[in-house]
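It should be emphasised that the depicted structure is a prediction, and the values quoted were computed from it without experimental measurement.
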Amino acid sequence: YRLLAKSAMLLASQEKSGAMYVTTGFPTLTYQLYRNDAAQFLQSNHNIKFDASTFSMEEIKESALNVVNAYVIPELAGCDLAIRDADSSVSSYFIVSLGYGTFEAALSTPNGLVQRTMVSGQGVRYAITAAAKELKNTHNVGLKTEHQIDTGFRNGQLTINRQMVNVGELRKKYLTTYYKQVISPVLAKTFSDADFGKAKAMIIVGGGAMYDELINLFREEFEGIVPVRVFDDPTTAASKGYALHSQK
């Protein structure tokens with residue numbers, strides 16, 4: 001993550017010179033644990049050495065970057081900033097972030113996120129690892145990494161022993177299990193009738209929003225109560241919010 005952070009700052013410095021303001025975030029479960037360490041690492045003078053030979057005739061170069069202020073906010077707060085910047089017409093709504101490692105949800109009002117409603121649970125990885133176990137029993141998947149299985153899961157097909165295997169039904173089976181065993185019970189326990197009385201929509205962000213099966217399950221459960229919407233380009237919602245926070 002340090003490598004990714006430095007790479008991001010280096011790329012940003014090529015777009016615009018001068019002192020930098022950096023914002024990042026963590027899921028609710030790890031936010032308090034890591035926020036200080038992350039801020040201390042980011043808020044500094046960074047001298048970054050990098051290999052420029054991949055895109056020019058030069059070799060090792062060095063760039064000095066000054067991060068004036070670094071902010072660490074909850075990941076959902078970043079999503080909330082992006083949603084409100086894109087559409088200010090909805091006053092109160094539920095945010096549901098479907099990440100790989102964690103899924104998160106909260107009620108957002110014009111005054112901010114309601115702390116009582118902020119909740120975290122297991123992410124889409126729950127479904128992918130369960131599907132991978134079944135694949136290992138039915139096919140010789142060999143030494144495929146979790147990332148390769150995740151990519152095949154998203155595409156609906158996986159190459160195993162030089163043959164294309166359709167995993168569409170497997171994906172639907174385990175995403176449905178994931179929704180019913182993890183997402184639905186957590187939301188039922190967290191959001192009260194009063195919360196549903198305030199919310200005018202349920203807006204879904206994160207990589208899990210790319211799975212139609214999950215979105216359909218949300219609509220089956222909630223469409224008669226609140227409209228269910230997928231945020232435009234849901235995978236970048238948090239990072240857009242972080243950029244808006246730094247800009248402000």
Side-chain angles (χ1 to χ4, degrees), residues 1-88 95 97-106 108 110-115 118-120 123-125 145-147 150-151 205-209 231-248:
Y1 286 108
R2 288 172 183 266
L3 178 62
L4 289 170
K6 287 188 175 183
S7 299
M9 290 189 286
L10 182 64
L11 288 170
S13 71
Q14 307 303 308
E15 296 292 326
K16 192 175 182 181
S17 61
M20 301 178 73
Y21 291 77
V22 176
T23 301
T24 189
F26 290 101
T28 305
L29 285 175
T30 54
Y31 170 66
Q32 296 293 346
L33 184 62
Y34 295 131
R35 59 182 297 192
N36 291 335
D37 287 343
Q40 286 173 12
F41 163 67
L42 291 168
Q43 191 168 310
S44 179
N45 292 318
H46 299 269
N47 290 308
I48 302 175
K49 288 184 179 180
F50 61 99
D51 181 2
S53 64
T54 56
F55 56 86
S56 70
M57 297 298 290
E58 301 177 72
E59 294 183 359
I60 303 299
K61 294 182 70 175
E62 189 167 346
S63 184
L65 306 176
N66 177 27
V67 178
V68 177
N69 274 311
Y71 308 93
V72 181
I73 63 176
E75 188 175 323
L76 275 183
C79 297
D80 192 38
L81 282 169
I83 292 168
R84 291 196 176 275
D85 181 72
D87 182 7
S88 59
I95 304 176
S97 175
L98 301 175
Y100 184 72
T102 58
F103 105 84
E104 297 196 284
S108 172
N111 295 322
L113 298 175
V114 178
Q115 190 73 25
M118 293 180 71
V119 65
S120 290
V124 177
R125 185 181 185 186
T145 65
E146 193 173 274
H147 173 69
D150 173 39
T151 301
V205 299
F231 185 68
D232 289 340
D233 197 5
T235 59
T236 63
S239 56
K240 284 177 179 175
Y242 299 154
L244 288 165
H245 186 273
S246 290
Q247 190 178 42
K248 289 178 182 178

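- To the nearest 0.5 Å, the span separating OG on Ser239 from CD on Glu75 amounts to 9.5 Å.
- Expressed to the nearest 0.5 Å, how far CD of Gln247 lies from OG1 of Thr23 amounts to 10.5 Å.
- In this model, no donor atom of one side chain and acceptor atom of the other lie less than 3.5 Å apart for Glu59 and Ser53.
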TODO: Output, in order, the C-alpha distance, side-chain angles, deciding distance and verdict of side chain to side chain contact (heavy atoms under 4.5 Å, CB included) for Ile83 and Val205.
DONE: CA-CA 9 Å; Ile83 292 168; Val205 299; 4.2 Å; yes
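- More than 12 heavy-atom neighbours from other residues, nucleotides or ligands sit within 6.0 angstrom of CD on Glu62.
- Ala5 and Leu42 make their closest contact through CB-CD2, 4.2 Å (heavy atoms, listed as atom of the first residue, atom of the second, distance).
- Using a 4.5 Å cut-off on side-chain heavy atoms (C-beta onward), Asp233 and Thr235 make contact.
- Between His46 and Leu10, the closest side-chain pair of non-hydrogen atoms is not below 4.5 Å.
- Taking the side chain as every heavy atom from C-beta outward, Ser108 and Arg84 approach each other to under 4.5 Å.
- The line from OH of Tyr21 to OH of Tyr71 is 6.5 Å long, rounded to the nearest 0.5 Å.
- Between Asp51 and Ile60, some side-chain heavy-atom pair lies under the 4.5 Å cut-off.
- Rounding to the nearest 0.5 angstrom, the gap separating the OG1 atom in Thr24 from the OH atom in Tyr34 is 13.5 Å.
- Of the inter-residue distances, the one linking Glu104 atom CD with Ile95 atom CD1 reads 10.0 Å to the nearest 0.5 angstrom.
- Nearest heavy atoms, Gly25 versus Val72: CA-CG1, 4.4 Å.
- Of all non-hydrogen atoms in Pro74 and Tyr242, the two that sit nearest each other are O-CE2, 4.5 Å.
- Counting all heavy atoms, side chain and backbone alike, Phe103 lies closest to Leu98 at CB-CD2, 4.1 Å.
- Considering every non-hydrogen atom in both Ala86 and Phe231, the closest pair reads CB-CE1, 3.9 Å.
- The NZ atom of Lys240 sits 7.5 Å away from the CG atom of Asp232 when rounded to the nearest 0.5 Å.
- Contact between Gly241 and Ala82 at its shortest, heavy atoms only, is N-CB, 3.9 Å.
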